[in-house]
Amino acid sequence: MSQRSRVLPGFGLSLGFTLAYLSLIVLIPLSAVFIKSLGIGWDGFIEIISSERILKSLQLSFSTALLAAFINVVFGLLLAWCLVRYRFPGKRIVDALVDLPFALPTAVAGIALTSLYAPTGWLGQYLEPIGIQVAYTPIGITLALIFIGIPFVVRTVQPVLADLESEFEEAAAALGATRFQTITKVILPILFPALLTGFALAFARGVGEYGSVIFIAGNQPFETEIAPLMIISRLEEYDYAGATTIAVVMLVISFAILFLINLVQAWASRRTGRTAR
């Protein structure tokens, strides 16, 4: 029986280098965080996590990150669809602007959004009289997370859309499917794994985001304090155990959500007959 050829010869050696690199870059630092947090004991761990201020900050970080990721999935899909399926003046400029949040320092993004949506800002001065306050509220935090998360969805869905032949839509139309049925029964099932990947990336970025959020949040206790800010505050107070405890909780919750997303993505990939990337 002939041996199956591989691009990288030596599975054992390749796997060894992979595990060693993963351990040095990811596993060992994360293990240090867990070990540091366990140094205060279980009672100390519960005391820190049960603090109302910490719970509010965790709730705010995860709820705004999830909401922003959902919004990015919808509008990121529409933006990717326009970039792939249509030709229009300035298309290359729009395509380049999608990557702008990657290159722009997050602090600059936060300052720009605050200057726009503050009560005296360019847009905020018109929203404030009608009772809509964006800056220094969870709405502003969500807006900042949408800004930094939209490229993840667009760049994940765009290549899948580019590979999706128009023959699928033509075949569905020839069989009598309406436009809505073609989208829901043909296109979306194929795009679903890529959409989940974009959602997971946008959510992961949003949970740990600090620079673009810190300015527009206002940092009001129990209202607009995000979990990364609480970690920074504990570090400035030299409370390393408290900072790592909050970080551990964020890691565990984030891992559980991302693991669930990966399971759903694997199921969707098997259902559509496409290998999960």
Side-chain angles (χ1 to χ4, degrees), residues 51-76 78-79 90 93-155 198-237 242-243 246-247 249-250 253-254:
S51 169
E52 183 181 358
R53 190 173 180 181
I54 300 298
L55 291 175
K56 287 288 187 181
S57 65
L58 290 170
Q59 178 184 0
L60 179 65
S61 292
F62 282 98
S63 61
T64 52
L66 284 171
L67 178 59
F70 275 116
I71 295 174
N72 278 330
V73 164
V74 176
F75 291 97
L78 294 177
L79 182 54
I93 297 177
V94 174
D95 196 21
L97 287 175
V98 171
D99 294 325
L100 188 61
F102 285 147
L104 189 69
T106 55
V108 176
I111 294 173
L113 291 173
T114 305
S115 64
L116 283 174
Y117 292 101
T120 57
W122 294 351
L123 298 178
Q125 61 180 334
Y126 301 108
L127 296 176
E128 187 75 13
I130 60 177
I132 301 177
Q133 184 176 353
V134 177
Y136 318 130
T137 66
I139 299 177
I141 297 174
T142 305
L143 183 64
L145 298 183
I146 292 173
F147 174 81
I148 58 101
I150 189 70
F152 291 97
V153 178
V154 175
R155 294 311 182 206
F199 174 85
L201 293 173
F203 166 74
R205 174 68 188 273
V207 167
E209 180 60 24
Y210 179 80
S212 62
V213 176
I214 196 68
F215 294 100
I216 199 170
N219 312 320
Q220 304 173 36
F222 303 99
E223 293 184 11
T224 58
E225 274 187 332
I226 57 175
L229 174 62
M230 300 303 299
I231 295 176
I232 296 298
S233 300
R234 293 298 179 101
L235 289 176
E236 291 176 348
E237 298 170 359
I246 303 173
V249 175
M250 293 186 67
I253 298 176
S254 298

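Keep in mind that the numbers below use all heavy atoms, side chains included, and drop hydrogens, waters and symmetry copies.
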Between Phe215 and Thr114, the two heavy atoms sitting closest are C-OG1, 3.4 Å
The reported gap from CD1 in Ile139 to CD1 in Ile132 (rounded to nearest 0.5 angstrom) is 7.5 Å
Start with the C-alpha distance between Val94 and Leu79, add both sets of side-chain angles, then the distance that settles side-chain contact (heavy atoms from CB on, under 4.5 Å), and finish with yes or no.
-> CA-CA 9 Å; Val94 174; Leu79 182 54; 4.2 Å; yes
Whether Ser61 side chain and Leu58 backbone form a donor-acceptor pair below 3.5 Å = no
Carboxylate-amine/guanidinium proximity below 4.0 Å for Lys56 and Glu225 = no
Heavy-atom nearest pair, Phe102 first then Phe152, reads CE2-CZ, 3.5 Å
Say you draw a straight line from CG of Leu143 to OG1 of Thr64; how long is it, rounded to the nearest 0.5 Å?
-> 11.5 Å
Nearest heavy-atom neighbours spanning Val153 and Gly198 = CG2-O, 3.7 Å
Of Leu123, Ile216, Ile141, Val134, which meets side-chain contact (heavy atoms from CB on, under 4.5 Å) against Leu113?
-> Ile216
Would you mind reporting whether Ile150 and Val98 have side-chain heavy atoms less than 4.5 Å apart?
-> no
If every non-hydrogen atom of Gly206 is compared with every non-hydrogen atom of Ala65, which pair is closest and at what distance?
-> C-CB, 3.9 Å
Could you check if a side-chain atom of Ile231 sits within less than 4.5 angstrom of a side-chain atom of Met250, using non-hydrogen atoms only?
-> yes
Look at atom CZ of Phe222 and say whether more than 12 heavy atoms of other residues, nucleotides or ligands are closer to it than 6.0 Å.
-> yes
Donor-acceptor contact present, side-chain Thr224 to main-chain Ala217, <3.5 Å = yes
Within the distance-only criterion (no hydrogens, no angle test), does the side chain of Gln133 pair as donor or acceptor with the backbone N or O of Tyr136 below 3.5 angstrom?
-> no
Nearest heavy atoms of Gly211 and Ile214, plus distance in Å = O-CG2, 3.5 Å
Heavy-atom distance under 4.5 Å between the side chains of Ser57 and Leu229, does that happen here?
-> no
Please tell me if the side chains of Phe199 and Leu66 come closer than 4.5 Å, counting only heavy atoms from C-beta onward.
-> yes
Quick one: closest heavy-atom pair of Ser254 and Val207, and the distance?
-> OG-CG1, 3.8 Å
Any side-chain heavy atom of Asn72 within less than 4.5 Å of one from Arg205?
-> no
So how far is it from Ile232 CD1 to Asn219 CG, rounded to the nearest 0.5 Å?
-> 11.5 Å
Value for CD (Glu209) from OG1 (Thr106), rounded to nearest 0.5 Å, stands at 5.0 Å
Give the ring-plane orientation class for Phe62 versus Phe203, where under 30° counts as parallel, over 60° as perpendicular and anything between as tilted.
-> tilted
